[in-house]
Amino acid sequence: QVQLVESGGGLVQAGGSLRLSCAASGGTFSTYVMGWFRQAPGKERDIVAVISRIGGRTYYRDSVKGRFTISRDNAKNTVYLQMNSLKPEDTAVYYCAAASSQILLVTPQRYDYWGQGTQVTVSS
(Lines give C-alpha, C1' and ligand atoms only; values in the text may rest on other atoms or scores of the structure.)
Protein backbone atom coordinates (compact mmCIF):
# COMPACT_ATOMS: atom_id res chain seq x y z
CA GLN A 1 0.00 0.00 0.00
CA VAL A 2 1.39 3.36 -1.07
CA GLN A 3 0.55 6.58 0.74
CA LEU A 4 0.87 9.88 -1.12
CA VAL A 5 0.87 13.31 0.51
CA GLU A 6 0.78 16.50 -1.58
CA SER A 7 1.96 19.90 -0.43
CA GLY A 8 2.77 23.30 -1.88
CA GLY A 9 -0.60 24.53 -3.02
CA GLY A 10 -1.92 27.99 -2.27
CA LEU A 11 -3.14 31.29 -3.61
CA VAL A 12 -1.06 33.06 -6.23
CA GLN A 13 -1.60 35.89 -8.68
CA ALA A 14 -1.70 35.27 -12.40
CA GLY A 15 1.81 35.02 -13.78
CA GLY A 16 3.18 33.67 -10.53
CA SER A 17 4.70 30.31 -9.68
CA LEU A 18 4.12 27.42 -7.32
CA ARG A 19 5.95 24.17 -6.71
CA LEU A 20 3.91 21.16 -5.69
CA SER A 21 5.49 18.20 -3.95
CA CYS A 22 4.16 14.70 -3.43
CA ALA A 23 5.89 12.48 -0.88
CA ALA A 24 5.37 8.74 -1.15
CA SER A 25 5.71 6.05 1.47
CA GLY A 26 4.89 2.38 1.86
CA GLY A 27 6.10 1.13 -1.48
CA THR A 28 9.04 1.01 -3.87
CA PHE A 29 8.74 4.47 -5.36
CA SER A 30 10.92 3.81 -8.38
CA THR A 31 8.58 1.11 -9.64
CA TYR A 32 5.68 3.54 -10.10
CA VAL A 33 4.80 5.88 -12.91
CA MET A 34 3.75 9.13 -11.24
CA GLY A 35 1.12 11.52 -12.47
CA TRP A 36 -0.29 14.90 -11.51
CA PHE A 37 -4.00 15.45 -12.13
CA ARG A 38 -6.29 18.36 -11.43
CA GLN A 39 -9.97 18.80 -10.87
CA ALA A 40 -11.87 22.06 -10.99
CA PRO A 41 -15.35 22.39 -9.46
CA GLY A 42 -17.95 20.68 -11.61
CA LYS A 43 -15.37 19.23 -13.96
CA GLU A 44 -13.72 15.87 -14.46
CA ARG A 45 -10.32 14.99 -13.09
CA ASP A 46 -7.82 15.59 -15.90
CA ILE A 47 -4.21 14.67 -16.46
CA VAL A 48 -1.66 17.47 -16.06
CA ALA A 49 1.67 15.66 -16.37
CA VAL A 50 3.17 12.20 -16.09
CA ILE A 51 6.71 10.99 -15.48
CA SER A 52 8.21 7.58 -16.05
CA ARG A 53 9.67 5.42 -13.32
CA ILE A 54 13.24 6.62 -13.76
CA GLY A 55 12.26 10.08 -14.99
CA GLY A 56 13.49 9.83 -18.55
CA ARG A 57 10.09 10.30 -20.16
CA THR A 58 7.38 12.84 -19.50
CA TYR A 59 3.98 13.83 -20.84
CA TYR A 60 2.13 17.14 -20.48
CA ARG A 61 -1.34 18.23 -21.41
CA ASP A 62 -1.20 20.84 -24.15
CA SER A 63 -2.40 23.73 -22.00
CA VAL A 64 0.55 23.45 -19.59
CA LYS A 65 3.38 22.71 -22.01
CA GLY A 66 6.21 25.19 -21.61
CA ARG A 67 4.84 26.38 -18.24
CA PHE A 68 4.84 23.28 -16.01
CA THR A 69 7.66 20.83 -15.32
CA ILE A 70 7.28 17.44 -13.68
CA SER A 71 10.29 15.84 -12.01
CA ARG A 72 11.04 13.18 -9.45
CA ASP A 73 13.72 12.31 -6.94
CA ASN A 74 13.64 8.57 -6.34
CA ALA A 75 16.14 8.87 -3.48
CA LYS A 76 13.61 11.10 -1.66
CA ASN A 77 10.49 9.24 -2.83
CA THR A 78 9.10 12.53 -4.06
CA VAL A 79 7.59 13.85 -7.28
CA TYR A 80 7.35 17.56 -8.04
CA LEU A 81 5.33 19.83 -10.27
CA GLN A 82 6.89 23.22 -10.94
CA MET A 83 4.19 25.57 -12.21
CA ASN A 84 5.20 28.86 -13.80
CA SER A 85 3.23 31.58 -15.57
CA LEU A 86 0.10 30.46 -13.79
CA LYS A 87 -3.28 31.41 -15.21
CA PRO A 88 -6.70 31.64 -13.55
CA GLU A 89 -7.77 28.59 -15.56
CA ASP A 90 -5.13 26.55 -13.69
CA THR A 91 -7.21 26.90 -10.54
CA ALA A 92 -8.13 23.42 -9.28
CA VAL A 93 -7.40 20.79 -6.70
CA TYR A 94 -4.19 19.06 -7.75
CA TYR A 95 -3.67 15.38 -7.03
CA CYS A 96 -0.67 13.15 -7.40
CA ALA A 97 -1.16 9.51 -8.27
CA ALA A 98 0.93 6.37 -8.64
CA ALA A 99 0.54 3.55 -11.13
CA SER A 100 2.36 0.25 -11.33
CA SER A 101 3.15 0.56 -15.02
CA GLN A 102 5.98 0.59 -17.53
CA ILE A 103 4.24 3.08 -19.79
CA LEU A 104 2.99 6.61 -19.25
CA LEU A 105 -0.70 6.65 -18.36
CA VAL A 106 -3.05 9.59 -18.78
CA THR A 107 -6.42 8.26 -17.58
CA PRO A 108 -7.15 8.46 -13.86
CA GLN A 109 -8.80 5.04 -13.83
CA ARG A 110 -5.41 3.43 -14.56
CA TYR A 111 -3.82 4.77 -11.38
CA ASP A 112 -3.66 2.70 -8.23
CA TYR A 113 -2.95 5.20 -5.47
CA TRP A 114 -3.96 8.80 -4.87
CA GLY A 115 -3.08 11.63 -2.56
CA GLN A 116 -5.64 13.79 -0.80
CA GLY A 117 -5.12 16.76 -3.09
CA THR A 118 -3.88 20.31 -2.65
CA GLN A 119 -5.75 23.44 -3.67
CA VAL A 120 -4.20 25.81 -6.20
CA THR A 121 -5.98 29.12 -6.72
CA VAL A 122 -4.78 31.64 -9.29
CA SER A 123 -6.27 35.11 -9.05
CA SER A 124 -6.55 37.43 -12.02
Worksheet item: Should Val12 and Thr121 count as side-chain neighbours, where that means a heavy-atom distance under 4.5 Å?
Response: no
Worksheet item: OG1 of Thr78 to CE of Met34: how many Å apart, nearest 0.5 Å?
Response: 9.0 Å
Fill in: Whether Tyr111 side chain and Leu105 backbone form a donor-acceptor pair below 3.5 Å
yes
Fill in: Close side-chain approach of Tyr94 and Leu81, heavy atoms under 4.5 Å
yes
Response to the item:
The residue among Val120, Ile47, Val64, Thr118 that forms side chain to side chain contact (heavy atoms under 4.5 Å, CB included) with Arg38 is Val64
Discussion item. Looking at Arg53, is its backbone amide N or carbonyl O close enough to the side chain of Asn74 to form a donor-acceptor pair, meaning the two atoms are under 3.5 Å apart?
Written reply: yes
Item to complete: State the SG-CH2 distance between Cys22 and Trp114, to the nearest 0.5 angstrom.
Response: 10.5 Å
Worksheet item: Nearest 0.5 Å, what's the OG1-CZ distance between Thr31 and Phe29?
Response: 9.5 Å
Worksheet item: Ala98 and Leu4: which non-hydrogen atoms are nearest, and at how many Å?
Response: N-CD1, 3.8 Å
Worksheet item: What pair of heavy atoms forms the shortest contact from Phe37 to Val48, and how long is it?
Response: C-CG2, 3.8 Å
Item to complete: Measure the CD-CG distance between Gln119 and Leu11 for me, rounded to the nearest 0.5 Å.
Response: 9.5 Å
Discussion item. Looking at every heavy atom in both Ala14 and Ser124, which two are closest together, and how far apart are they?
Written reply: CB-CA, 4.4 Å
Fill in: Sub-4.5 Å side-chain heavy-atom contact between Val33 and Val50
yes
Worksheet item: If you round to the nearest 0.5 Å, how far is OH of Tyr80 from CG of Asp73?
Response: 5.0 Å
Discussion item. What I'd like to find out is whether the side chain of Arg57 reaches to under 4.5 Å of the side chain of Ile51, using heavy atoms alone.
Written reply: no
Worksheet item: Looking at Ala24 and Val2, what are the two nearest heavy atoms and their distance?
Response: CB-CG1, 4.4 Å
Worksheet item: Do the side chain of Arg72 and the main chain of Ser52 share a donor and acceptor less than 3.5 angstrom apart?
Response: yes
Worksheet item: Are any of the side-chain heavy atoms of Ser71 and Gln82 separated by less than 4.5 Å?
Response: no
Discussion item. Donor-acceptor pair, distance only, cut-off 3.5 Å: does the side chain of Arg67 make one with the backbone of Ser85?
Written reply: yes
Worksheet item: Taking C-beta and beyond as the side chain, do Gln39 and Tyr95 meet within less than 4.5 Å on heavy atoms?
Response: yes
Worksheet item: Would you say the side-chain atoms of Ser101 pair up with the backbone N or O of Ile103, donor to acceptor, closer than 3.5 Å?
Response: yes
Item to complete: Indicate yes or no: does Asp90 engage Lys87 in a salt bridge with an N to O separation below 4.0 Å.
Response: no
Response to the item:
Here the gap from Ile70 atom CD1 to Tyr60 atom OH, rounded to the nearest 0.5 Å, amounts to 6.5 Å
